[in-house]
Amino acid sequence: MTATTKTIASRFRRFLPVVIDVETAGFDPRRHALLELAAVTVTMDDAGVIYPDESLSFIIQPHEGAEMEASALAFTGIDPYHPERNAVHERDALQSLFAVVARQVRKQQCTRAILVGHNPSFDLGFLLAAAERNRIGKHPFHGFCTLDTATMGALAYGETVLAKAAMASGMTWDNRQAHSALYDAEQTARLFCTIVNQWPLARPGAGISSPVPESP
């Protein structure tokens, strides 16, 4: 790697963006079940263009004592106890996810992963609650910093809804696949990369636009 080669580490302060999407049985990460978990890592070519890299997804068994909101299950269309669901224990899913992300962090010479999501505090909350519930004390994600494609979509396209921001960026959107964790994660990753690639790093003295003047 030459001194001029652009890297993910140099682009994001040595954080590795990892897109996460979860499907759940409600809004409370401590009470409601985590039912699906998907992740997409991001990489960069020598020209500084970022693009989705590795995808993985898990169908997850509800944790012991988990509560289910009927409205949440109706929204996602998930039957948590369907006999052909082939779900895994959430501890196994988390350990597999964290191993892949940790490997990518090392490979891309980053220090930690940073969660990218559409309203990512929701996804991070479920991820951290599941890790705590399964006594996984060490994981590769930053504990509170995230990158939000809802905010980025508002900046780039004036849209905060994932489907609308994606279509405004030129992507296609399939409502039949939406609310699957893997589909949403992969679409979010594409949106994230599309927006970031429009905004090269501004160097000191070479800002993209003039600063907003201070109020008198």
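- The side-chain heavy atoms of Glu186 and Ser55, taken from C-beta on, include a pair separated by under 4.5 Å.
- Cluster note: Leu35 groups with Met68, Leu73, Ile78, Tyr81 through ILVMFWY side-chain heavy atoms spaced under 4.5 Å, whether in direct contact or through intervening members.
- The two residues Ile195 and Gly153 have their closest heavy-atom pair at CD1-N, 3.9 Å.
- Atom CD of Gln187 and atom CG of Leu182 lie 10.0 Å apart (nearest 0.5 Å).
- For the side-chain hydrogen bond (donor to acceptor under 3.5 Å, both in side chains) test, no residue two or more places apart in sequence or in another chain qualifies with Asp79.
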Derivation and outcome, side chain to side chain contact (heavy atoms under 4.5 Å, CB included), residues Val42 and Val18 = CA-CA 6 Å; Val42 173; Val18 178; over 6 Å; no

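- Under the side-chain hydrogen bond (donor to acceptor under 3.5 Å, both in side chains) rule, Glu90 has a single partner from Gln95, Gln61, Arg133, which is Arg133.
- Checking Gln104 against Glu54 by side-chain atom types alone, a donor-acceptor pair falls below 3.5 Å.
- A 4.5 Å side-chain heavy-atom check between Ser57 and Leu37 finds every atom pair outside the cut-off.
- In the model, Thr7 has no side-chain atom that pairs as donor or acceptor with a side-chain atom of Gln108 under 3.5 Å.
- Taking OH of Tyr183 as the start and CZ of Arg176 as the end, the distance is 9.5 Å to the nearest 0.5 Å.
- Under the rule for a side-chain contact (heavy atoms from CB on, under 4.5 Å), the partners of Pro52 that lie at least two apart in sequence or sit in another chain are Val40, Ala189, Arg190, Cys193.
- In this structure, CD1 in Ile50 is found 9.5 Å from OG1 in Thr43, a value given to the nearest 0.5 Å.
- No side-chain heavy atom of Val116 sits under 4.5 Å from any side-chain heavy atom of Ile20.
- The distance between the ring centers of His142 and Phe15 falls below 6.0 angstrom.
- Of the possible donor and acceptor atoms, none in the side chain of Asp21 sits under 3.5 Å from a partner among the backbone N and O of Gly117.
- When all heavy atoms of Pro62 and Ala33 are compared, the pair lying nearest together is CB-CB, 3.9 Å.
- No donor-acceptor pair under 3.5 Å is formed between the side chain of Thr149 and the backbone N or O of Met152.
- With contacts defined as side-chain heavy-atom distances shorter than 4.5 Å, the pair Phe58/Glu36 does not qualify.
- For the pair Asn134/His89, a side-chain contact is recorded, criterion being any heavy-atom separation below 4.5 Å from C-beta on.
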task = Applying side chain to side chain contact (heavy atoms under 4.5 Å, CB included), run through Ile136 and Arg91 and close with a yes or a no.
result = CA-CA 8 Å; Ile136 301 175; Arg91 180 178 179 85; 3.6 Å; yes

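- Judged by distance alone, with hydrogens and angles left aside, the side-chain atoms of Tyr157 form no donor-acceptor pair with the main-chain N or O of Ala166 at under 3.5 Å.
- At least one donor-acceptor pair under 3.5 Å links the side chain of Asp148 to the backbone N or O of Asn119.
- The distance from atom CZ of Phe126 to atom OG of Ser121, rounded to the nearest 0.5 Å, is 11.0 Å.
- Although no hydrogens or angles enter the test, the distance criterion places no donor-acceptor pair under 3.5 Å between the side chain of Gln109 and the main chain of Arg14.
- Within 6.0 Å of the CZ atom in Arg103, the count of heavy atoms belonging to other residues, nucleotides or ligands exceeds 12.
- Leu16 contributes atom CG, which lies 8.5 Å from atom CZ of Phe141 (distance to the nearest 0.5 angstrom).
- In terms of modelled atom types and a separation under 3.5 Å, the side chain of Arg112 and the main chain of Val105 share no donor-acceptor contact.
- At least one side-chain heavy atom of Leu127 sits under 4.5 Å from a side-chain heavy atom of Leu97.
- For Ile8 against Cys110, the heavy-atom pair with the smallest separation is CG2-SG, 3.8 Å.
- Proximity of Leu56 to Val100: side-chain heavy atoms (C-beta onward) are separated by under 4.5 Å at one or more points.
- One N or O on the side chain of Asp123 and one on the backbone of Val22 form a donor-acceptor pair closer than 3.5 Å.
- For the residue pair Cys145 and Ile114, the shortest heavy atom distance occurs at O-CG1, 3.6 Å.
- Arg30 contributes atom CZ, which lies 13.5 Å from atom CD of Glu67 (distance to the nearest 0.5 angstrom).
- A search for side-chain contact (heavy atoms from CB on, under 4.5 Å) contacts involving Leu124 returns Leu115, Leu128, Thr146, not counting sequence neighbours.
- Looking at residues two or more places apart in sequence or on another chain, you find a side-chain contact (heavy atoms from CB on, under 4.5 Å) between Lys164 and Glu159, Val161.
- A 4.5 Å side-chain heavy-atom check between Asp45 and Tyr51 finds at least one atom pair inside the cut-off.
- A 6.0 Å sphere centred on CZ of Arg13 holds no more than 12 heavy atoms belonging to other residues, nucleotides or ligands.
- Checked by atom type and distance alone, the side chain of His139 never pairs as donor or acceptor with a backbone atom of Phe98 at under 3.5 Å.
- With sequence neighbours excluded, the residues that form a side-chain hydrogen bond (donor to acceptor under 3.5 Å, both in side chains) with Asp28 are Arg31.
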